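Only a predicted model underlies this, so the values are computations on that prediction, with no experimental measurement involved.
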Amino acid sequence: MSPYAALVPLVLAMVLVQAAEGRKDRARNKRWSASSANIKLGTPLKKVFDGTKTPKVKSNHLLSIDEHDFTMRPAFAGPAVPVGVDVQVESLDSISEVDMDFTMTLYLRHYWRDERLSFPSSTNKSMTFDGRLVKKIWVPDVFFVHSKRSFIHDTTTDNIMLRVFPDGHVLYSLRVTVTAACNMDLSRFPLDSQTCTLELESYAYTEEDLMLYWKSGDESLSTDERISLSQFLIQKFHTTSRLAFYSSTGWYNRLYINFTLRRHIFFFLLQTYFPATLMVMLSWVSFWIDRRAVPARVSLGITTVLTMSTIITGVNASMPRVSYIKAVDIYLWTSFVFVFLSVLEYAAVNYLTTLWDGRDRQLREQVKEQSQSTPCSCSLPHIRTMMLDGSYSEADTNSLAGYTRAVGPEDSSQKQEQMVVHLALDHLPPEETNSPPKSFRIIQNTHTIDTYSRMIFPAAYILFNLIYWCVYC
């Protein structure tokens with residue numbers, strides 16, 4: 001082995017030491033240059049505080065969380081813990097008549113004192129934490145009675161706030177959206193008012209362990225002024241409280257948030273009441289149509305009946321299947337009955353017209369037989385008068401050959417032509433000529449039913465509307 005090989009590590013070590021000393025000298029020169037520049041510019045030197053070098057103060061140590069068992073309530077085995085509650089309603093998201101529920105978003109705040117969380121403070125200021133500390137301490141187990149769905153908002157983090165004061169008072173706040181049941185009475189729908197209730201209660205602690213109360217009475221409930229609903233007018237918010245009893249567990253304090261809503265009627269006037277009223281009025285048009293225009297009157301009646309059926313089906317499709325009659329049902333079904341009666345009215349007119357036409361045909365046949373066997377003498381003093389309806393055609397009139405025809409004095413509004421046929425019956429006994437048989441003097445007017453219907457139907461429907469709106473408004 002060469003004697004110079006032992007000197008190689010020594011030489012390398014000396015080179016490294018000299019290089020390190022050179023770097024230190026250059027760094028020292030830079031600091032001296034910067035200090036000289038600051039001195040020349042007259043700027044004071046500031047000491048930069050590095051917070052990473054300070055000793056860490058954990059909330060667990062400050063609040064003594066590790067020294068206590070927070071699975072038990074404050075003052076365990078002692079008097080009940082008073083827990084104050086206040087609520088700020090942010091929005092009423094929806095109200096469903098079909099599901100019988102409502103959805104509400106609110107800020108729920110709890111106030112209580114836990115001496116285990118007290119801490120020394122020279123400034124007497126509170127400390128605020130997020131939801132991570134809530135899992136390590138005791139909080140009230142309040143839940144929503146009759147709740148269907150509920151959740152705590154978690155965007156962008158859990159919307160939970162915990163504020164602890166030096167004397168141990170705690171403020172626990174969270175933002176919740178809850179969907180709860182609301183038993184609605186729809187017997188006056190859509191002219192109704194509904195009162196819904198959101199109920200809060202402790203799940204595990206009875207009144208002997210936890211006493212829930214409204215922190216500031218009626219002022220514990222506040223609402224956003226911008227809250228509005230499309231179909232309802234919010235009339236009143238108020239709070240109540242009482243005890244709830246369960247046979248297996250005991251008595252619990254329960255808090256109530258009550259709000260009263262009144263439904264807007266204008267939407268239903270446009271979508272339900274006005275169309276139904278117009279359909280009823282449209283069915284009355286058939287009373288002014290000639291009874292012989294069968295296609296016109298039948299098609300009008302069927303159209304109005306089908307339209308009313310569509311309106312009723314559309315309203316019931318958006319409503320729960322309740323076992324009682326609603327106010328809108330009374331109006332729609334009464335309107336449907338009026339439309340249906342107008343169809344039956346024409347059926348009666350058409351039936352009577354057909355019946356009387358059959359009698360007239362028999363009468364014309366008798367007249368023809370008599371005209372063939374009896375000579376006509378238009379100058380005879382003894383005559384019989386027979387009034388025939390204007391439904392006869394000109395050919396039927398001309399078939400009575402040898403008889404004089406005259407137009408009787410009738411009201412022009414009825415537009416009926418009537419023929420006066422003078423029958424020469426001199427071969428009959430005088431006593432019969434003085435009192436002609438009723439079968440030969442017939443006065444027919446099948447428009448009478450239509451005439452009365454023009455007055456009776458509108459009057460009855462107006463009376464129904466007056467009673468309906470007076471009762472439900």
Worked verdict on Y111 versus Y172 for ring pair (Phe, Tyr, Trp, His ring centres under 6.0 Å): CA-CA 7 Å; Y111 302 85; Y172 174 47; over 10 Å; no
So, the side chain of [X] versus the backbone of [Y]: is there a donor-acceptor pair under 3.5 Å, distance only?
X	Y	value
R175	I152	no
S216	E219	no
N159	T157	yes
D99	D101	no
R297	I289	yes
R116	D69	yes
D141	A204	yes
T304	L300	yes
Y468	A327	yes
D158	I160	no

Listed by chain and number, what are the side-chain contact (heavy atoms from CB on, under 4.5 Å) partners of [X], not counting sequence neighbours?
X	value
D218	T239
N258	T197, H238, T240, Y256
S173	R109, M161

In terms of heavy-atom contacts, does [atom1] of [X] have more than 12 from other residues, nucleotides or ligands at under 6.0 Å?
X	atom1	answer
Q235	CD	yes
F143	CZ	yes
F340	CZ	no
I325	CD1	no
D154	CG	yes

Heavy-atom pair of closest approach, residues [X] and [Y]:
X	Y	value
V89	I227	O-CD1, 3.7 Å
P458	W284	CA-CH2, 3.5 Å
P275	L270	CD-O, 3.4 Å
S220	D86	O-CB, 3.2 Å
W214	V85	CE3-O, 3.3 Å
I265	P190	CD1-CG, 3.8 Å

For Y346 and D450, run side-chain hydrogen bond (donor to acceptor under 3.5 Å, both in side chains): C-alpha distance rounded to whole Å, both residues' side-chain angles, the deciding distance at 0.1 Å, then the answer. CA-CA 8 Å; Y346 177 64; D450 286 340; over 6 Å; no
Are V328 and L191 side-chain neighbours, meaning at least one heavy-atom pair lies under 4.5 Å?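 Of all side-chain heavy-atom pairs linking L191 with V328, none is under 4.5 Å.
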Please assess V337 against T334 for the test side chain to side chain contact (heavy atoms under 4.5 Å, CB included), listing each intermediate value before the final yes or no. CA-CA 5 Å; V337 169; T334 303; 5.5 Å; no
Intermediate values then yes/no, side chain to side chain contact (heavy atoms under 4.5 Å, CB included), E201 and V142: CA-CA 5 Å; E201 182 182 305; V142 175; over 6 Å; no
Indicate the ring-plane relationship of [X] and [Y], choosing parallel, tilted or perpendicular according to the 30° and 60° boundaries.
X	Y	answer
W251	F245	tilted
Y246	Y252	perpendicular
W333	F336	perpendicular

Would you please test V349 and Y351 for side chain to side chain contact (heavy atoms under 4.5 Å, CB included) and show each step? CA-CA 5 Å; V349 170; Y351 173 76; over 6 Å; no
Not counting sequence neighbours, list each pair that qualifies as a salt bridge (Lys or Arg N to Asp or Glu O under 4.0 Å) and has a residue in residues 317-328. K326-D329
With [X], which residues qualify under salt bridge (charged side-chain N to carboxylate O under 4.0 Å, His left out), at least two apart?
X	value
R263	E97, D192
R242	none
K215	none
D185	none

Walk me through whether Y461 and S335 qualify under side-chain hydrogen bond (donor to acceptor under 3.5 Å, both in side chains). CA-CA 8 Å; Y461 195 69; S335 300; 2.9 Å; yes
Euclidean distance, [Y] [atom2] relative to [X] [atom1], rounded to 0.5 Å:
X	Y	atom1	atom2	result
L233	L261	CG	CG	8.5 Å
M104	F144	CE	CZ	9.5 Å
Q194	F189	CD	CZ	9.5 Å
I467	I330	CD1	CD1	12.0 Å

For residues 85-109, pull every pair meeting ring-ring contact (aromatic ring centres under 6.0 Å, His included), keeping only residues two or more places apart or in separate chains. F102-F259
With sequence neighbours excluded, tell me which residues meet side-chain hydrogen bond (donor to acceptor under 3.5 Å, both in side chains) with Y324.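 Partners of Y324 by the side-chain hydrogen bond (donor to acceptor under 3.5 Å, both in side chains) criterion come out as none, since no residue qualifies.
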For S91 and D224, does a side-chain donor sit closer than 3.5 Å to a side-chain acceptor? no
Under the ring-ring contact (aromatic ring centres under 6.0 Å, His included) test, residues paired with Y273 that sit two or more places apart: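 Here the qualifying residues are Y331, W469.
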Tell me the disulfide (SG to SG under 2.5 Å) pairs involving residues 179-279, sequence neighbours left out? C182-C196
Measure from NZ or CZ of R454 to the centre of the six-membered ring of W288, then state whether that distance is under 6.0 Å and the direction lies within 45° of the axis.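 Judged by the rule (NZ or CZ under 6.0 Å from the ring centre, within 45° of its axis), R454 counts as positioned above W288.
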Using ring centroids (six-membered ring only for Trp), state whether F151 and H153 fall under 6.0 Å.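 Ring centroids of H153 and F151 are less than 6.0 Å from each other.
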Measure from the ring center of W138 to the ring center of F70 and say whether it is less than 6.0 Å. no
Determine, stepwise, if the pair L171 / L162 fulfils side chain to side chain contact (heavy atoms under 4.5 Å, CB included). CA-CA 6 Å; L171 166 60; L162 185 69; over 6 Å; no
